[in-house]
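In what follows, a structure is listed as structure tokens, so that the remarks can point back to it.
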Number of protein chains: 2
Amino acid sequence: MGYDVMARTCPSRVVLHRIGARWTVFVVNALEHQPLRFVELRTHIQGITPKVLTETLRTLERDGLVARTDHEEHPPRVEYELTELGRSLLEPLRAVRRWAEAHIPEIQAANAAAAAREPGDS
Amino acid sequence: MGYDVMARTCPSRVVLHRIGARWTVFVVNALEHQPLRFVELRTHIQGITPKVLTETLRTLERDGLVARTDHEEHPPRVEYELTELGRSLLEPLRAVRRWAEAHIPEIQAANAAAAAREPGDS
DNA sequence: GCCTCCGGTTCCCTTGAAGTAACTCGGTAT
DNA sequence: ATACCGAGTTACTTCAAGGGAACCGGAGGC
């Protein structure tokens, strides 16, 4: 309690920034139903590069949202799963994701209308 | 229906990116209860510069989330308010904001623990 | 001896979002 | 004439996130 996101120094700004990071939403969403391995995440989240996936996972780990389990096998088997904390983020993120998926047409229409209102640049 | 954020070309990625933009959450939240003028937004959202506020508002306008009303007075009076669409985003964003505000201690603790686990760099 | 598999790492470059600071515009007040 | 207001704009800089491509290491298989 007592945090105010509007305050310049509020730590929740950092947290919001993390959530807003390009790939966080996708990784968390991907781990919703079961633990996944690196390659599985990679193929599940289309377009993510290994570098960025690693970075995102490390950040999520540091923040205590994702747990990494190295099974010490050969070939390597490493699994990522949501922690309790990470799981608690699912609900809000799902809401945002659902909103995004549901309102695409309206947003696209608004953009098209705005574009039509402006003088075409060609 | 039928959008899948995990698909490389899904338009919802663009939408999520917009929502994730540094200042979107703050502007939308600030407009929750009543229309605000430029300066009011500026003082309400601590740390935002006029340039960035303008950019954010323009984007929100284009996306149809915020309506701009110029009252054509002198000195100028311009009010920004959420549209119906913008208002529908409030609920999901509030959830995320609440989550952020609520889980700061845990995230900070996780970060501190992770930092302690690593070899100090000095 | 070399390849493959998995889970990365490394280096380097590009982009674009954000920040800084100074300036504009048109009208009214002093 | 000058200054001030609100609501921006403009030009320039900065910087971290992101992307691309190539490489690594050790076990097991051919």
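Heavy-atom basis, side chains included; hydrogens, waters and symmetry copies ignored. All chains are named by letter (A, B, ...) in the order of the sequence lines, taking the proteins before the strands, and each is independently numbered beginning at 1. Only a predicted model underlies this, so the values are computations on that prediction, with no experimental measurement involved.
- Contact annotation: A:Arg77 side-chain N/O to C:dC5 OP1/OP2 distance is not under 4.0 Å.
- Listed by residue number, the members of residues 30-51 of chain A with any heavy atom below 4.0 angstrom from DNA chain C are A:Arg37, A:Phe38, A:Val39, A:Lys51.
- Of the options B:Val66, B:Leu65, B:Leu90, a side-chain contact (heavy atoms from CB on, under 4.5 Å) to B:Leu31 is made by B:Val66 and by none of the others.
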Could you please spell out the steps behind the side chain to side chain contact (heavy atoms under 4.5 Å, CB included) verdict for A:Val27 and A:Tyr80? CA-CA 10 Å; A:Val27 172; A:Tyr80 294 93; over 6 Å; no
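- Taking atom CG of B:Asp70 as the reference point, atom P of C:dC25 lies 17 Å away to the nearest angstrom.
- Comparing B:Pro76 and B:Trp23 by the nucleotide of DNA chain C whose heavy atom lies nearest to each, the residue mapping closer to the 5' end is B:Trp23.
- For B:Arg68 and D:dA7, the CZ to P distance is 9 Å, given to the nearest whole Å.
- Side-chain contact between A:Arg13 and A:His17 is absent, with no heavy atoms from C-beta onward closer than 4.5 Å.
- At a cut-off of 3.5 Å, with distance as the only test, no side-chain donor of A:Arg94 or A:Asn29 sits close to an acceptor on the other residue.
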Find every protein N or O atom lying less than 3.5 Å from an N or O atom of nucleotides 2-4 of chain D, and list the pairs.
none

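- For the pair B:Arg22 and C:dG16, the criterion of a side-chain N or O lying under 4.0 Å from OP1 or OP2 is not met.
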Assess whether side chain to side chain contact (heavy atoms under 4.5 Å, CB included) is satisfied between A:Arg37 and A:Val78, documenting all intermediate values. CA-CA 6 Å; A:Arg37 324 174 45 168; A:Val78 177; over 6 Å; no
Run the side chain to side chain contact (heavy atoms under 4.5 Å, CB included) check on A:Ser12 and B:Arg97 step by step: do they pass? CA-CA 8 Å; A:Ser12 68; B:Arg97 178 189 172 170; over 6 Å; no
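- Side-chain contact between A:Ile48 and A:Trp23 is present, with at least one heavy-atom pair separated by less than 4.5 Å.
- Although no hydrogens or angles enter the test, the distance criterion places no donor-acceptor pair under 3.5 Å between the side chain of B:Glu81 and the main chain of B:Pro35.
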One pair to check against side chain to side chain contact (heavy atoms under 4.5 Å, CB included): A:Gln34 and A:Leu36. What are the steps and the verdict? CA-CA 6 Å; A:Gln34 71 289 134; A:Leu36 290 177; 3.5 Å; yes
A:Glu61 and A:Arg58: salt bridge (Lys or Arg N to Asp or Glu O under 4.0 Å), yes or no, with the steps? CA-CA 5 Å; A:Glu61 252 190 286; A:Arg58 292 288 173 274; 3.3 Å; yes
Report all interatomic pairs (protein N or O, nucleotide N or O of nucleotides 27-30 of chain C) with separations under 3.5 Å.
| from | atom 1 | to | atom 2 | distance (Å) |
| --- | --- | --- | --- | --- |
| C:dG27 | O4' | B:His74 | ND1 | 3.4 |

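- Note on B:Tyr80: a side-chain N or O is less than 4.0 Å away from OP1 or OP2 of D:dG8.
- Following rounding to the nearest Å, B:Arg58 (CZ) and D:dA7 (P) show an atom-to-atom distance of 12 Å.
- Enclosure of atom CD in B:Glu73 by more than 12 non-hydrogen atoms of other residues, nucleotides or ligands within 6.0 angstrom is indicated.
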